2 protein chains.
Amino acid sequence: MKRAKKKIFADFIAQRGLKSTKQRDIILDSFLSSDRHLSIEELYLKLRAKHSNIGYATVYRTLKLFAEAGIAREMQFGDGQTRYEHVGEGEHHDHLVCTRCGNIEEFENETIEQLQSEIAASRGFLIERHRLELYGLCVNCRK
Amino acid sequence: MKRAKKKIFADFIAQRGLKSTKQRDIILDSFLSSDRHLSIEELYLKLRAKHSNIGYATVYRTLKLFAEAGIAREMQFGDGQTRYEHVGEGEHHDHLVCTRCGNIEEFENETIEQLQSEIAASRGFLIERHRLELYGLCVNCRK
DNA sequence: AATCCGATGAAAGTGATTTTCATTGGCATA
DNA sequence: TATGCCAATGAAAATCACTTTCATCGGATT
C-alpha cells in the first residue's frame, strides 16, 4: 500500500521531469503514515517536530503534487482548512463529520451512488465526481 | 414568496431590536430577485451598479443576517467563494454543479435521504445536516 | 429635537494559501 | 568528477476572501 503509492509518486515525478528530493521523501513518508484527513497545518507541525528544515510552502506545494499524482485528494469540511485524504485506486467514499470533536468517519453506499447516477442521467448531466457529507454528532459525542 | 420573506426578515429585525435601514431594504430586494446561489461578490457588484453608496462590509454583514433570520443559507461549492441560496421553509435540496459553466441545479431525493439516515443510525451518528453535490457537466456544456 | 445606540463605509486586520526571489541542490552531460 | 542547467526550497511578501475596527451617521424612542 505504502510502497505502491511511493512507486506511483516516483513515476509521476519521473514522467514530469521533476526531481526527487529529501523533502518530498520525508513529506510523503509522513503523509502516508498519518491519519486520513490531515490538514496541511497538522502535517506541517508533525513534520516540524522531526525536521526543522522543512518550510511551510514546501508542504503546501508537495501536497498539491500528491493530489496531481493521484495519491491524495483535497477536501473541505467547512472548518476553513483544506484537508488531504489518501486515495486508493478507483475507490470512493463519503464522510460522516462530527461537528463537536471533528472526527471524520467514512462510508460507502452503492445504492446511493446508483440513485445519483439516475438523477444525473435524467437531466443529461455527466457526473465527474461527487461529495456527500453528513454532519452531526458521532457516537462518542452524543454521550 | 418575496413578501413572505420580507416579513420574516422584518420580524427578525424587530425581535432582535435591530434597525430597519435603507441599505438592508435594498440588499434584501436585490437578493430576493436574484439567482439562487449568488456569491457575495456577485451581489455586491450588482448592487454597486445602482447604488454606489453601499459598502462591501455591509453586504457581507447583511447576508449573514439573512442567514440568521432563516431566509438564506451559506454554501460552499469549492470555488473559494461563499454563496447564499434562498431558503424555503422546511425545504432541503441537493445540487448538481457544472464544472464548466458554474451553473447550479437543484434536486431532491427522498430515497437518498432515507439511506443516509440508515447509515447514520447504524453507527450511532446523529445527523444535523448534510450536503450532497454532484460535480460534472450540465446538459448544455456536454455539447 | 434630543439622545441613545445600532448601522455604515473605508480602511486596516486576519488566516489560509500562494507567489516571489535569491539561493540551493538534483542530475544529466562533458 | 566537474560543470551547468533548471527545478526545488525557505523566508518573506503578496493575495484572496472575508472580518473587524473606528469614526461618523441615522433610526427610533423619548
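Excluded from the calculations below are hydrogen atoms, water molecules and symmetry mates; all remaining heavy atoms, backbone and side chain alike, are included. Bear in mind that the values here come from a model prediction, so they are computed numbers and not experimental data. Numbers restart at 1 for each chain; the letters A, B, ... are given by sequence-line order, proteins then strands.
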Of the listed nucleotides dT19(D), dT9(D), dT18(C), the one nearest the side chain of Lys64(A) | dT18(C)
Rounded to the nearest angstrom, tell me the gap between atom NZ in Lys19(A) and atom P in dC6(D).
-> 9 Å
Is there a side-chain polar atom (N or O) of Thr58(A) under 4.0 Å from OP1 or OP2 of dA8(D)?
-> no
Indicate, yes or no, whether a donor-acceptor pair under 3.5 Å links the base of dG6(C) to the side chain of Arg61(B).
-> no
Mind calculating the distance between CZ (Arg24(A)) and C1' (dG25(C)) to the nearest angstrom?
-> 12 Å
Look at Thr21(B) and dT8(C) and indicate whether a side-chain polar atom (N or O) is within less than 4.0 Å of OP1 or OP2.
-> yes
With distance as the sole criterion, is a donor-acceptor pair present between the side chains of Tyr135(B) and Glu133(B) under 3.5 Å?
-> yes
May I ask you to check whether His37(A) and Glu42(A) show a side-chain donor-acceptor distance below 3.5 Å?
-> no
Establish, with yes or no, whether the OP1 or OP2 oxygen of dT8(C) is under 4.0 angstrom from a side-chain nitrogen or oxygen of Lys22(B).
-> no
Expressed in angstrom and rounded to an integer, what is the separation of Glu41(A) atom CD from dT14(C) atom C1'?
-> 14 Å
dT19(D) phosphate, OP1 or OP2: any side-chain N/O from Tyr60(B) under 4.0 angstrom?
-> no
Remember a base hit wins even if backbone is also touched, and classify Gln81(A) as base, sugar-phosphate or nothing at under 4.0 Å, heavy atoms.
-> sugar-phosphate
Short side-chain N/O contact to dG9(C) OP1/OP2 from Gln23(B), under 4.0 Å = yes
Tell me: CD of Gln76(B) to P of dA16(C), nearest whole Å?
-> 14 Å
Which residue lies more 5' along DNA chain C, comparing Thr82(A) with Leu65(B) via nearest heavy atoms | Leu65(B)
Please report the C-alpha distance between Glu74(A) and Arg131(A) in whole Å, then the side-chain angles of each, then the deciding distance to 0.1 Å, and finally whether the salt bridge (charged side-chain N to carboxylate O under 4.0 Å, His left out) criterion is met.
-> CA-CA 12 Å; Glu74(A) 281 188 24; Arg131(A) 58 185 291 177; over 6 Å; no
Does Ala57(B) or Gly80(B) map to a spot on DNA chain D nearer the 5' end, using the closest nucleotide for each?
-> Gly80(B)
Spacing of Leu47(B) atom CG relative to dT8(C) atom P, expressed in whole Å = 12 Å
Strictly by modelled atom types, are His95(A) and Glu105(A) linked by a side-chain donor-acceptor pair under 3.5 Å?
-> no
Heavy-atom nearest nucleotide on DNA chain C taken for Ile13(B) and for Tyr44(B); more 5' hit belongs to Ile13(B)
Can you give the donor-acceptor pairs under 3.5 Å from side chains of residues 8-26 of chain B to other protein atoms, not counting sequence neighbours?
{"unit_1": "Asp11(B)", "atom_1": "OD1", "unit_2": "Lys7(B)", "atom_2": "NZ", "d": "3.4"}
{"unit_1": "Asp11(B)", "atom_1": "OD2", "unit_2": "Lys7(B)", "atom_2": "NZ", "d": "2.8"}
{"unit_1": "Arg16(B)", "atom_1": "NH1", "unit_2": "Glu68(B)", "atom_2": "OE1", "d": "3.1"}
{"unit_1": "Arg16(B)", "atom_1": "NH2", "unit_2": "Glu68(B)", "atom_2": "OE1", "d": "2.6"}
{"unit_1": "Thr21(B)", "atom_1": "OG1", "unit_2": "Arg24(B)", "atom_2": "N", "d": "3.2"}
{"unit_1": "Arg24(B)", "atom_1": "NH1", "unit_2": "Lys19(B)", "atom_2": "O", "d": "2.8"}

